Amino acid sequence: MFDSLSDKLGNVFTKLRGKGSLSENDVMAVSREIRVALLEADVALPVVKDFIASVKDKAVGEKVIKGVNPGQQVVKIVHDELVKMLGGGTEADKKAQELKLGTPPSPYLMVGLQGSGKTTSTAKIAKMLSDKQKKKVLMASLDVYRPAAQEQLKILGEQTGVETLPVIEGQKPVDITKRALEEARKGGFDIVMLDTAGRLSIDEDLMNEVESVKKIAQPVETLLVADAMTGQDAV
Ligand SMILES: Nc1nc2c(ncn2[C@@H]2O[C@H](COP(=O)(O)OP(=O)(O)OP(=O)(O)O)[C@@H](O)[C@H]2O)c(=O)[nH]1
Ligand SMILES: [Mg+2]
C-alpha cells in the first residue's frame with residue numbers, strides 16, 4: 001500500500017521538478033494526482049480534502065509560482081504537509097496522544113478483533129512503559145477461550161521482563177480481572193494491563209463479558225488494537 005503510494009507521489013514529483021516555471025493550472029493538476037494517489041491508498045476522504053486544500057493554499061501563492069524553483073517548492077510544501085498529517089502535530093496533540101496514568105494501579109483494557117495483535121501490543125506497550133517511563137506493570141490475560149493464550153502472554157512477559165499474573169486454570173475472565181486488580185494493588189504496580197480475548201461485535205456473549213470486565217476494572221485507557229492493513233473498515 002505504501003509502496004504504491006510512494007511510487008505515485010514519486011511520479012508526480014518527478015514531473016514537477018523538471019519545470020522551470022509553474023502555473024496555477026499546474027498546481028491544480030498536481031493536486032488532482034495527489035488526491036487520486038491518496039484515495040487509492042485508502043486515506044479517508046475528509047483527510048484528503050483537508051490535505052489538498054492546505055497544499056493548494058500554500059502552493060498557489062505568488063511567491064511560489066514566481067519563485068526561482070517552483071517545482072521544488074511545491075514538493076517541499078507537500079512533504080511538510082504529509083509530515084504534519086502523519087502526526088508531527090502540535091505539543092497539545094502530542095499531549096493528547098500520551099497514555100493516561102490515573103492513581104495506581106491504572107487499569108488498561110486491550111480490545112479488538114481476533115488476531116489483530118492485542119497480546120503482542122500488550123507486551124510491547126508494557127515494555128515501553130516499564131523501560132522508558134519506569135513504570136511497574138502487571139499483565140493479565142483474560143483469554144480463557146483460545147488454547148495457550150494465557151501461556152502466550154506469560155512467555156512474552158518473560159521475554160520482555162514484565163510481570164504477568166499467575167494463571168489459575170478454569171478461572172473466568174471477570175474473576176481474573178478482580179484478581180489482577182487485587183494483585184496490582186498489593187504489589188504496588190503502577191499499571192495493570194488486561195489482555196482480552198479476540199471477539200466479533202456480533203458475538204453477544206463475548207461482548208457482554210467485555211462489558212462486565214470494563215465495569216469492574218474501570219480502565220483509564222481502553223485501547224482498540226486494529227490491523228493497519230484493514231484500512232478504513234477498522235473504524
Ligand atoms: N507483522 C506484524 N505481525 C504482528 C504484529 N502484531 C502482532 N503480529 C502477529 O499477529 C499474530 C496475532 O497476534 P496476537 O498478538 O496474538 O493477536 P491477538 O489479537 O492477541 O489474537 P487473539 O488473542 O487470538 O484474538 C501473531 O502471529 C503476531 O506475531 C505487528 O505489529 N506486525
Ligand atoms: Mg491474544
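Only this structure's heavy atoms are used, side chains among them; waters, hydrogens and symmetry mates stay out. What you see is a predicted model; the values in this text were computed from it and never measured. Whatever order the structure lists them in is the order used to number ligands and atoms, beginning at 1.
A donor-acceptor pair under 3.5 Å links the side-chain atoms of Tyr108 to the main chain of Lys100, judged by distance alone.
Of the protein's non-hydrogen atoms, Lys118 N, 3.3 Å is the one closest to atom 18 (P) of ligand 1. In this structure, atom 8 (N) of ligand 1 lies nearest to the protein heavy atom Thr120 OG1, 4.2 Å.
Ligand 1 is approached by Ser116 to a heavy-atom distance shorter than 4.0 Å.
Neither the backbone nor the side chain of Val225 has a heavy atom within less than 4.0 Å of ligand 1. Proximity of Arg146 to ligand 1, defined as any heavy-atom pair under 4.0 Å, is confined to the side chain (atoms from C-beta onward). For Met110, no heavy-atom contact with ligand 1 is shorter than 4.0 Å.
Looking at Val137 and Phe189, their side chains never come closer than 4.5 Å, going by heavy atoms from C-beta outward. With contacts defined as side-chain heavy-atom distances shorter than 4.5 Å, the pair Leu223/Ile125 qualifies.
For ligand 1 and Gln152, the ligand atoms under 4.0 Å from any heavy atom of the residue are 16 (O). Those atoms of ligand 1 that come under 4.0 Å of a heavy atom in Gln114, given as number and element, are 25 (O). Residue Asp143 approaches ligand 1 through these ligand atoms, each under 4.0 Å from one of its heavy atoms: 23 (O). The Lys124 neighbourhood of ligand 1 comprises atoms 31 (O), with distances under 4.0 Å to a heavy atom of that residue. When each atom of ligand 1 is checked for a heavy atom of Gly198 under 4.0 Å away, the hits are 25 (O).
Checked options Leu101, Leu109, Leu99; the residue passing with Glu221 is Leu99 (criterion: side chain to side chain contact (heavy atoms under 4.5 Å, CB included)). Each of Leu206, Val210, Leu142 was compared with Pro173 under the side chain to side chain contact (heavy atoms under 4.5 Å, CB included) criterion, and only Leu142 meets it. Applying the side chain to side chain contact (heavy atoms under 4.5 Å, CB included) test between Thr196 and each of Lys118, Lys214, Glu209 identifies Lys118 as the sole match.
Rounded to the nearest 0.5 Å, atoms CG (Leu153) and OG1 (Thr120) are 9.5 Å apart. Residue Leu129 holds its CG atom at 9.0 Å from CG of Asp190, rounded to the nearest 0.5 Å.
Between the Mg ion (ligand 2) and Ser141 there is no N/O/S contact shorter than 2.8 Å.
The heavy atom nearest to atom 10 (O) of ligand 1, considering only Ser141, Gly115, Ala228, Ala149, is found in Gly115.
Geometrically, ligand 1 and Gly117 share a nitrogen or oxygen pair separated by less than 3.5 Å.
In terms of hydrophobic clustering, with Ile, Leu, Val, Met, Phe, Trp and Tyr side chains grouped at heavy-atom distances under 4.5 Å, Leu156 and Met128 are assigned to different clusters.
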